[in-house]
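Have a look at the structure below, then the notes.
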There are 2 protein chains.
Amino acid sequence: MSDLFPKKGHDHDRCVHSALAQAEKVCDSENARFTDMRRKVFTLIWQSHKAVTAYELLDALTAEGQRVQPPTVYRALEFLTELGLVHRIESLNAYFGCDRPDCEHLGQYFICTDCGRVAEAVNEDMSNAVRKAARSVGFTIQATTVEIKGLCHDCATH
Amino acid sequence: MSDLFPKKGHDHDRCVHSALAQAEKVCDSENARFTDMRRKVFTLIWQSHKAVTAYELLDALTAEGQRVQPPTVYRALEFLTELGLVHRIESLNAYFGCDRPDCEHLGQYFICTDCGRVAEAVNEDMSNAVRKAARSVGFTIQATTVEIKGLCHDCATH
DNA sequence: CAGAAAATGATATATTATAACATTTCATCA
DNA sequence: TGATGAAATGTTATAATATATCATTTTCTG
Ligand SMILES: [Zn+2]
Ligand SMILES: [Zn+2]
Ligand SMILES: [Zn+2]
Ligand SMILES: [Zn+2]
């Protein structure tokens, strides 16, 4: 069993760093501006492996001394999600940083209801099953939402 | 190709009728009260093959002359979703009547972004792919959300 | 540097959802 | 049958999530 969730006590600073580096690259290649605000929001999202709500981000920015209003946060989130740097978790109204923003994918999200952590899978079995089901009913896919709630391995066994 | 979506111009009254009959049965077998309010909300949801928001239901009830507040609607929705008579579509914040409330299932929802119709599939390929993926990462499933947005066959071809 | 485009600031408001307590309805059984 | 407790609904207030609109600032381009 390969655990999709990060090990407890892993070097999380490296996650943040590498996510930032990837984000820079993506923005660069898309000629998109990775502004201060966008970087801040992106970094805040990566401060945990949980999904973060817009208002949690707002509070965090406020705590940092910024005077920020909701539209500012939502604009940053819109930018980040459109570039694929961040995904929206529909069933949580919350946002989650993407591991692999450099390649197109249909992601699936495992959400632990105990510890709150989220893990993104890019599982071809699931994607293919969805695509095949769509094809079989003549449906043209534009976007998919696959969110799986339950207990991560750590929480199930401890 | 079997179309999951109902034919245009089908006898929709029959859908509503049969849904009501099924709902009665389910409530009966669960010793749950299918009260006036719950029946009204359920019927309103079945007035279309689209997903309906809580406030659309509120407006519809108001139009019918009832003086109804949000908690009333949300309570009815909670009751109906807990019994499996209605499903919540997370990506729309809206509710959709279930075809087969009598059997446990992991449903998948096709949502047409053109005509707004929703169709529920109970596709074992998809369910199994999700279960298998969860098992492979040691994840214990509690609930799944699978929502597929795109064009239904009618809308794609016309 | 001027002018246009993009991003952010600021204010207001829309939409979705729940908390808390009062009242009514309904099943149960003394 | 009618007292009684549980379930359902009514009522009021407010929380949580999200967007519209216009003003200002920043950045890009020529
Ligand atoms: Zn980490
Ligand atoms: Zn967990
Ligand atoms: Zn119908
Ligand atoms: Zn359609």
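The sequence lines fix the lettering, A, B, ..., with proteins before strands; numbering per chain opens at 1.
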A/Y55 and A/Y74 aromatic ring geometry - parallel, tilted or perpendicular at 30°/60° bounds
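Rings of A/Y74 and A/Y55: perpendicular, over 60°.
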Fit a plane to each ring of B/H49 and B/W46, take the angle between them on a 0 to 90° scale, and name the class: parallel (under 30°), tilted (30 to 60°) or perpendicular (over 60°).
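Because their plane-to-plane angle is over 60°, the rings of B/H49 and B/W46 count as perpendicular.
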Could you check whether [X] pairs with [Y] (Lys NZ or Arg NE/NH1/NH2 to Asp/Glu carboxylate O, under 4.0 Å)?
| X | Y | result |
| --- | --- | --- |
| A/D102 | A/K25 | no |
| A/R39 | A/E24 | yes |
| A/E147 | A/K149 | no |
| B/D154 | B/K7 | no |

Hey, quick one: are A/I89 and A/V86 part of the same hydrophobic cluster, counting side-chain heavy atoms closer than 4.5 Å, chains of contacts allowed?
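No, separate clusters.
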Would a hydrophobic clustering, with Ile, Leu, Val, Met, Phe, Trp and Tyr connected at side-chain separations under 4.5 Å, put A/V16 with A/L85?
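They do share one cluster, since a chain of ILVMFWY contacts under 4.5 Å joins A/V16 to A/L85.
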Salt bridge (charged side-chain N to carboxylate O under 4.0 Å, His left out) with B/R131: which residues, sequence neighbours excluded?
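If we apply the salt bridge (charged side-chain N to carboxylate O under 4.0 Å, His left out) test to B/R131, skipping adjacent residues, the hits are B/E124.
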Please give me every residue in residues 54-81 of chain B whose heavy atoms get under 4.0 Å of an atom in DNA chain C, ordered by residue number.
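Per residue number, the list reads B/Y55, B/P70, B/P71, B/Y74, B/R75.
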In residues 34-43 of chain A, which ones come under 4.0 Å of DNA chain C, going by heavy atoms?
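Only A/T35, A/M37, A/R38 qualify.
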Residues forming a ring pair (Phe, Tyr, Trp, His ring centres under 6.0 Å) with B/Y109, sequence neighbours excluded
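Only B/H87 meet the ring pair (Phe, Tyr, Trp, His ring centres under 6.0 Å) criterion with B/Y109.
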Can you pull the contact range of chain A along DNA chain C, 5' to 3', using atoms under 4.0 angstrom from its heavy atoms?
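The contacted stretch runs from C/dA6 to C/dT11.
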For the student: nearest non-hydrogen atoms of B/V118 and B/A51, plus distance
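Smallest heavy-atom distance, with atoms named: CG2-N, 3.9 Å.
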Heavy atoms of chain B, cut-off under 4.0 Å: which first and last nucleotide of DNA chain D, 5' to 3', fall inside that, if you could look?
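So the outermost contacting nucleotides come out as D/dA7 to D/dT12.
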Are any non-hydrogen side-chain atoms of B/M37 and B/L61 less than 4.5 angstrom apart?
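When only atoms from C-beta onward are counted, B/L61 and B/M37 do touch, with a gap below 4.5 Å.
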